[in-house]
Visitor: 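Provided herewith is a single structure, encoded as structure tokens, for subsequent inquiry.
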Protein chains: 2
Amino acid sequence: MEFGEYLRKRREELKREDPQFSVRRVAGRIGVEPSYLSKIERSLQPPPSEQTTRALAEVLDEDADFLLALAGKVSSDLAEIIRSRPRLFADLLRQLKDMPDHAVLRVVREVRDGEW
Amino acid sequence: MEFGEYLRKRREELKREDPQFSVRRVAGRIGVEPSYLSKIERSLQPPPSEQTTRALAEVLDEDADFLLALAGKVSSDLAEIIRSRPRLFADLLRQLKDMPDHAVLRVVREVRDGEW
DNA sequence: CATGATGTGTACTGTATACTACACACTACA
DNA sequence: TGTAGTGTGTAGTATACAGTACACATCATG
């Protein structure tokens with residue numbers, strides 16, 4: 001699903017329970033013009049900046065990394081991590097690229113549990 | 001060290017052994033104007049596009065991921081990997097962010113050697 | 001039935017990105 | 001001494017990014 005399409009679906013869903021989730025109100029809360037948000041939701045504009053996407057994620061109670069991915073972006077803190085040790089993390093990611101989720105999760109878990 | 005500074009150092013180093021590595025010749029090989037490359041090397045221009053940075057890496061026999069990192073960028077194939085499973089890889093990277101190289105390398109090695 | 005809120009269309013803006021084009025002064029060397 | 005090559009300065013360009021500003025028609029309701 002596209003970014004705009006997803007956004008509209010999610011916002012409409014929340015709006016059914018709470019009229020606060022109108023285009024205008026949400027636009028107000030994230031600090032952009034209503035017409036701009038409207039266009040984004042209908043894919044007449046490309047996804048907004050990382051900052052605005054993060055604000056949207058917060059308001060719509062969505063995961064920021066997920067929403068940024070839909071927007072075709074990668075969180076700048078992740079980019080920063082990679083840039084700090086590019087060869088190391090590049091190798092790691094290319095290695096894990098096609099591994100099933102559970103295998104990757106195992107790495108996360110083992111590292112977190114300090115088995116190193 | 002900055003991108004431009006590094007570039008110049010590396011090119012000059014190669015030039016000492018081979019006059020092919022003049023600003024003009026290198027610019028020609030990577031497909032940009034000499035004055036543009038000159039300005040980049042003196043940090044009068046920001047680092048070039050990913051494509052041009054890759055071409056530079058090839059000509060200067062440098063690691064592309066390393067050079068892209070110096071340029072403040074992340075390889076688009078890595079961004080693509082993250083975007084394919086954003087929450088998974090975001091967790092992974094934030095978890096490994098402060099781990100020493102050898103710990104991460106151990107993961108890379110074990111995955112490569114098929115112990116999964 | 002007036003009033004407030006809603007979604008959207010049109011037009012425009014400022015800044016950044018990623019360069020090109022060309023002229024110029026200098027150097028090497030045949 | 002002229003000619004080929006070198007590095008660099010100035011000026012300009014096309015495209016993308018990230019929006020704003022405002023008017024308009026529609027809808028709901030008190």
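Throughout, protein chains are lettered first and strands after them, A, B, ... in sequence-line order, and every chain is numbered starting at 1. Just the heavy atoms: all of them, side chains too, but no hydrogens, waters or symmetry mates, feed the values below.
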Visitor: What's the closest nucleotide to the side chain of B/Pro48 if the choices are C/dC19, C/dT8, C/dA21?
Guide: C/dC19
Visitor: Find out whether A/Arg11 and A/Val23 are in side-chain contact, i.e. whether some heavy atom of one side chain is under 4.5 Å from a heavy atom of the other.
Guide: yes
Visitor: Quick one: is D/dT6 close enough that its OP1 or OP2 comes under 4.0 Å of any side-chain N or O from B/Ser22?
Guide: yes
Visitor: Write down the distance between CD (B/Gln45) and P (D/dG12), rounded to a whole number of angstrom.
Guide: 15 Å
Visitor: If only side-chain N and O atoms count, and only distance matters, is there a donor-acceptor pair under 3.5 Å linking A/Ser75 with A/Arg54?
Guide: yes
Visitor: Atom CG of A/Leu44 and atom C1' of D/dA18: how far apart are they, to the nearest Å?
Guide: 16 Å
Visitor: Is the distance between the ring centroids of B/Phe89 and A/Phe89 under 6.0 Å?
Guide: no
Visitor: Could you say whether A/Lys39 or B/Gly31 is positioned toward the 5' end of DNA chain C, judged by the nucleotide with the nearest heavy atom to each?
Guide: A/Lys39
Visitor: Using a cut-off of 6.0 Å, state whether more than 12 heavy atoms not belonging to B/Glu80 lie near its atom CD.
Guide: yes
Visitor: So which nucleotide from C/dG9, D/dT20, C/dT6 ends up closest to the side chain of A/Lys15?
Guide: C/dT6
Visitor: B/Tyr36 OH to D/dT13 P: how many Å, rounded?
Guide: 18 Å
Visitor: Which nucleotide, C/dA21, D/dT6, C/dT10, lies nearest any side-chain atom of B/Arg25?
Guide: D/dT6
Visitor: Examine C/dA18: is either OP1 or OP2 under 4.0 Å from a nitrogen or oxygen in the side chain of B/Lys73? Give yes or no.
Guide: yes
Visitor: Between A/Leu37 (CG) and D/dT20 (C1'), how many Å, whole number?
Guide: 14 Å
Visitor: Let's test your reading of the model: under 3.5 Å, does the base of C/dG7 pair with the side chain of A/Ser38 as donor and acceptor?
Guide: no
Visitor: Whole angstrom is fine here: how far is it from CZ in B/Phe21 over to C1' in D/dG5?
Guide: 17 Å
Visitor: Evaluate side-chain hydrogen bond (donor to acceptor under 3.5 Å, both in side chains) for B/Ser38 paired with B/Ser35, printing each intermediate quantity in order.
Guide: CA-CA 5 Å; B/Ser38 170; B/Ser35 64; over 6 Å; no
Visitor: When the distance from CZ of B/Phe3 to C1' of C/dT17 is rounded to whole Å, what number comes out?
Guide: 15 Å
Visitor: Grab the CD1-P distance between B/Ile40 and D/dT8 for me, whole Å please.
Guide: 13 Å
Visitor: Does B/Thr52 make a side-chain donor-acceptor contact with the base of C/dA18, cut-off 3.5 Å?
Guide: no
Visitor: Mind checking if A/Pro46 touches a base, just sugar-phosphate, or nothing, with heavy atoms under 4.0 Å?
Guide: nothing
Visitor: Specify the residue among B/Ser49 and A/Arg11 whose closest nucleotide of DNA chain C lies further upstream toward the 5′ end.
Guide: A/Arg11
Visitor: Nearest whole angstrom, please: distance from the P of D/dC22 to the CD of A/Glu33.
Guide: 9 Å
Visitor: For B/Glu12, does the CD atom sit with more than 12 other heavy atoms under 6.0 Å from it, leaving out its own atoms?
Guide: yes
Visitor: Would you please confirm or rule out a distance under 4.0 Å between OP1 or OP2 of D/dG9 and any side-chain N or O of B/Arg42?
Guide: yes
Visitor: Check this one for me: any side-chain N or O of B/Arg24 less than 4.0 Å away from OP1 or OP2 of D/dA4?
Guide: no
Visitor: State which of C/dT8, C/dA18, D/dG19 makes the closest approach to the side chain of A/Ser35.
Guide: C/dT8
